[in-house]
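Quick caveat, the model's predicted, so the values are computed rather than measured. Numbers restart at 1 for each chain; the letters A, B, ... are given by sequence-line order, proteins then strands.
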Amino acid sequence: MLDPRLLRTQLDDVARRLARRGYTLNVAVIQDLENQRKSIQTDVQQLQARRNELAKKIGQAKAKKEDAADLMAEAGRLPELLKQQEAKLDAIQARLEELLLGVPNLPHESVPDGRDENDNREIRRWGEPPKFDFQPKDHVDVGARLGLEFDAAVKITGARFVVMEGALARLHRALIQFMLDLHAREHGYTEVYVPYMVNAASLRGTGQLPKFEADLFKVPRLVFDDAAAIEETQGKKIDSISAKVADRSFYLIPTAEVPVTNLVRDEILEAAALPRKFVCHTPCFRSEAGSYGKDTRGMIRQHQFEKVELVQIVRPQESYAALEQLTANAERVLQRLGLAYRVVALCTGDLGFAAAKTYDIEVWLPGQNRYREISSCSNFEDFQARRLQARWRNPASGKPELVHTLNGSGLAAGRTLVAILENFQDAQGHVVIPEVLRPYMGGLERLTPAG
RNA sequence: GGAGAGGUGGCCGAGUGGUUUAAGGCGGCGGUCUUGAAAACCGUUGACCCGCAAGGGUCCGGGGGUUCGAAUCCCUCCCUCUCCGCCA
């Protein structure tokens with residue numbers, strides 16, 4: 001969420017900066033609501049002040065056993081008036097809040113202008129894409145004889161899930177262990193374990209709700225007000241139930257960013273406690289609504305995948321240095337594995353809703369003959385922190401101020417496995433296991449059909 | 001699942017209808033004293049909103065109600081803790 005004060009005082013400027021990312025801010029509507037809010041809020045506050053004053057005088061009069069009939073007569077007329085004005089104010093503020101929650105973050109000035117992913121700017125490359133003296137296969141074909149099974153997953157669940165067996169499953173797990181150890185031991189992150197289901201407030205905090213509910217898997221959990229409400233809902237579809245039923249549904253996390261960043265929701269952190277750096281492995285669940293037909297082959301785009309996530313909570317003035325560090329930490333994984341990659345700065349048009357600046361790390365995939373996203377590292381500045389009410393006590397001002405939040409994959413395990421299968425395959429259809437993973441594999445050097 | 005007790009500022013904790021701007025303590029900050037530190041003592045210290053300011057308003061888990069007036073009374077939901085049962 002943007003700073004409401006910024007919208008009040010520099011509305012046109014905000015609109016101009018949002019236009020860079022292709023977002024049209026409805027300036028007229030916001031201005032109009034804002035004017036109404038101001039006048040009604042003033043009204044309400046004057047009525048409240050009068051009510052407080054009268055209540056005090058009545059109390060004093062009664063204590064002295066004096067007659068308070070006149071005062072009580074005036075006070076008796078106030079509640080109805082107040083109630084009306086308060087209702088109006090609530091409605092306007094709710095409308096403003098709703099609008100604000102749907103406004104994306106302002107892009108940082110260093111973000112290149114652009115319309116879509118074609119305008120992203122390459123920052124650097126690392127490593128050389130491997131040369132093959134045979135036609136390299138994609139991971140689906142390489143994995144077919146090594147324990148990568150899509151048909152089994154379709155049977156037990158459906159499309160966009162995968163089953164792995166034997167050494168391949170172990171390699172997948174080894175990747176996760178390796179990443180966790182690297183970030184925890186060498187990069188100074190604290191490992192955390194968190195819930196895989198979260199409440200709506202957490203998703204609102206990190207920005208997935210209210211706008212992107214369709215991307216999430218929801219676990220319905222309804223609470224009924226009374227017996228009549230239970231009866232009313234019998235046999236109805238969940239979506240059609242609303243009256244007398246409170247929605248306390250959980251959601252499967254789309255990324256560890258949600259539970260981990262929400263660790264600091266509603267907290268005021270001491271300056272000495274910053275920066276906080278977390279590394280966390282979780283499964284991620286995404287509905288992939290709207291991506292029909294995209295990446296249907298293989299395990300590039302799944303409803304369920306494993307990821308090791310990096311999250312940093314930092315002082316505002318340090319957040320851009322932290323973004324460089326966090327990105328470098330994620331890159332280190334690929335360097336240790338020996339996988340070629342490049343880093344691109346997303347352009348304004350390709351930026352995610354909550355991000356002020358994002359670097360994507362793209363790994364080389366021989367099966368697709370191009371670089372594919374394997375990590376996305378973002379600085380959200382205070383956009384998430386404001387929704388989260390995540391603050392720190394700034395010694396300079398002595399006041400609680402919003403922190404800056406960052407996160408990035410370090411890395412997506414499924415896609416990293418894909419990269420290993422494709423980059424390290426040989427002519428026999430075997431896959432060489434990167435040396436850094438061998439300690440996690442009982443010394444195994446290659447994946448072979450025998451297992 | 002059954003029974004009970006609770007949710008008050010960064011933390012602990014008092015407060016059962018009005019003269020309360022939520023007592024007191026801890027922690028934080030400043031000072032006195034000291035070579036320095038500690039201790040002691042003195043002072044100070046909540047968040048948020050509107051406003052150029054003066055000032056005003058909101059907040060005692062959330063929501064609703066009673067009342068001229070609610071931290072306090074009523075309803076409801078959420079959460080925490082204790083005991084019993086069950087359980088990986």
Side-chain angles (χ1 to χ4, degrees), chain A residues 1-10 30-31 33-83 85-94 96-97 100 193 195-202 204-205 221-230 242-250 262-274 276 382 385-403:
Chain A
M1 194 161 84
L2 298 179
D3 186 351
R5 267 170 298 206
L6 208 58
L7 281 156
R8 273 197 288 275
T9 57
Q10 300 170 45
I30 291 178
Q31 191 75 69
L33 281 170
E34 187 47 43
N35 290 339
Q36 290 184 55
R37 183 211 46 86
K38 195 178 284 189
S39 100
I40 293 172
Q41 183 165 345
T42 307
D43 256 25
V44 165
Q45 290 192 357
Q46 277 170 359
L47 288 169
Q48 285 170 334
R50 183 63 184 156
R51 178 199 61 196
N52 293 346
E53 186 186 358
L54 287 169
K56 201 176 203 171
K57 282 184 180 168
I58 290 168
Q60 285 167 347
K62 290 207 161 180
K64 286 186 246 165
K65 309 273 189 223
E66 291 172 359
D67 178 41
D70 286 353
L71 293 170
M72 287 181 66
E74 185 188 348
R77 290 190 292 273
L78 284 180
E80 199 191 343
L81 210 60
L82 195 54
K83 205 176 276 185
Q85 293 299 89
E86 277 174 339
K88 273 196 220 168
L89 185 61
D90 285 351
I92 286 170
Q93 281 181 327
L96 266 172
E97 166 112 0
L100 278 182
Y193 172 84
Y196 300 159
M197 290 194 273
V198 295
N199 56 36
S202 292
R204 214 172 295 120
R221 210 171 62 113
L222 304 179
V223 176
F224 301 95
D225 275 12
D226 52 41
I230 296 176
S242 59
K244 291 190 174 179
V245 177
D247 187 347
R248 310 231 185 273
S249 294
F250 292 145
N262 271 277
L263 286 171
V264 296
R265 170 149 56 92
D266 296 324
E267 299 287 337
I268 299 176
L269 304 163
E270 293 305 324
L274 297 176
R276 302 223 59 185
D382 64 11
R386 186 169 294 105
R387 291 169 166 243
L388 292 160
Q389 281 303 295
R391 294 172 292 177
W392 69 300
R393 205 170 284 281
N394 184 351
S397 66
K399 293 281 175 192
E401 296 174 11
L402 297 171
V403 297

Could you give the distance separating [M] and [N] at their [atom1] atoms, to the nearest angstrom?
N     : M     : atom1 : value
B/C86 : B/A22 : C1'   : 44 Å
B/G55 : B/G18 : P     : 28 Å
B/A5  : B/U58 : P     : 33 Å
B/G27 : B/G10 : C1'   : 8 Å
B/G69 : B/C81 : C1'   : 35 Å
B/G6  : B/U16 : P     : 14 Å
B/C12 : B/U80 : P     : 16 Å
B/C77 : B/G2  : P     : 14 Å

Starting from [atom2] on [N], measure out to [atom1] on [X] and report it in whole angstrom.
X        : N     : atom1 : atom2 : result
A/Trp392 : B/G10 : CH2   : C1'   : 16 Å
A/Leu47  : B/U58 : CG    : P     : 11 Å
A/Glu270 : B/G28 : CD    : P     : 10 Å
A/Asp266 : B/G10 : CG    : P     : 11 Å
A/Gln46  : B/U58 : CD    : P     : 13 Å

Can you see which heavy atom on [X] is nearest to which on [Y], and at what distance?
X        : Y        : result
A/Arg386 : A/Leu2   : NH1-C, 3.3 Å
A/Trp392 : A/Ile268 : C-CG2, 4.4 Å
A/Leu402 : A/Gln389 : CD2-NE2, 4.4 Å

Is [N] paired to anything, Watson-Crick or G-U wobble with both distances less than 3.5 Å, and if yes, which nucleotide?
N     : answer
B/A47 : B/U58
B/U67 : none
B/C41 : B/G31
B/U80 : B/A5

Can you check nucleotides 45-49 of chain B for protein contacts, nitrogen or oxygen pairs under 3.5 Å, and list what you find?
{"unit_1": "B/A47", "atom_1": "O3'", "unit_2": "A/Arg391", "atom_2": "NH1", "d": "3.1"}
{"unit_1": "B/C48", "atom_1": "OP1", "unit_2": "A/Arg391", "atom_2": "NH1", "d": "3.3"}
{"unit_1": "B/C49", "atom_1": "O2'", "unit_2": "A/Gln41", "atom_2": "NE2", "d": "3.0"}

Closer to the 5' end of RNA chain B via nearest nucleotide, is it A/Pro4 or A/Val44?
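So the residue in question is A/Pro4.
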Would you kindly compare A/Lys56 and A/Thr42 by the position of their nearest RNA chain B nucleotide and give the one closer to the 5′ end?
A/Lys56
Is the side chain of A/Asn262 donor-acceptor paired with the backbone N or O of A/Ser202 at a distance under 3.5 Å, no angle test?
yes
Are the side chains of A/Lys88 and A/Asp90 in contact, using a 4.5 Å heavy-atom criterion?
no
Measuring only between side-chain heavy atoms, which start at C-beta, is A/Gln48 closer than 4.5 Å to A/Glu86?
yes
Report each atom pair, protein N/O against N/O of nucleotides 63-71 of chain B, whose distance is under 3.5 angstrom.
none

Going by salt bridge (charged side-chain N to carboxylate O under 4.0 Å, His left out), A/Glu53 matches just one of A/Arg50, A/Arg51, A/Lys56. Which one?
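With A/Glu53 as partner, salt bridge (charged side-chain N to carboxylate O under 4.0 Å, His left out) holds for just one option, A/Arg50.
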Just checking A/Arg276: does its CZ atom have more than 12 heavy atoms from other residues, nucleotides or ligands closer to it than 6.0 angstrom?
no
With respect to the phosphate group of B/U21, does any side-chain polar atom (N or O) of A/Asn52 fall under 4.0 Å of OP1 or OP2?
no
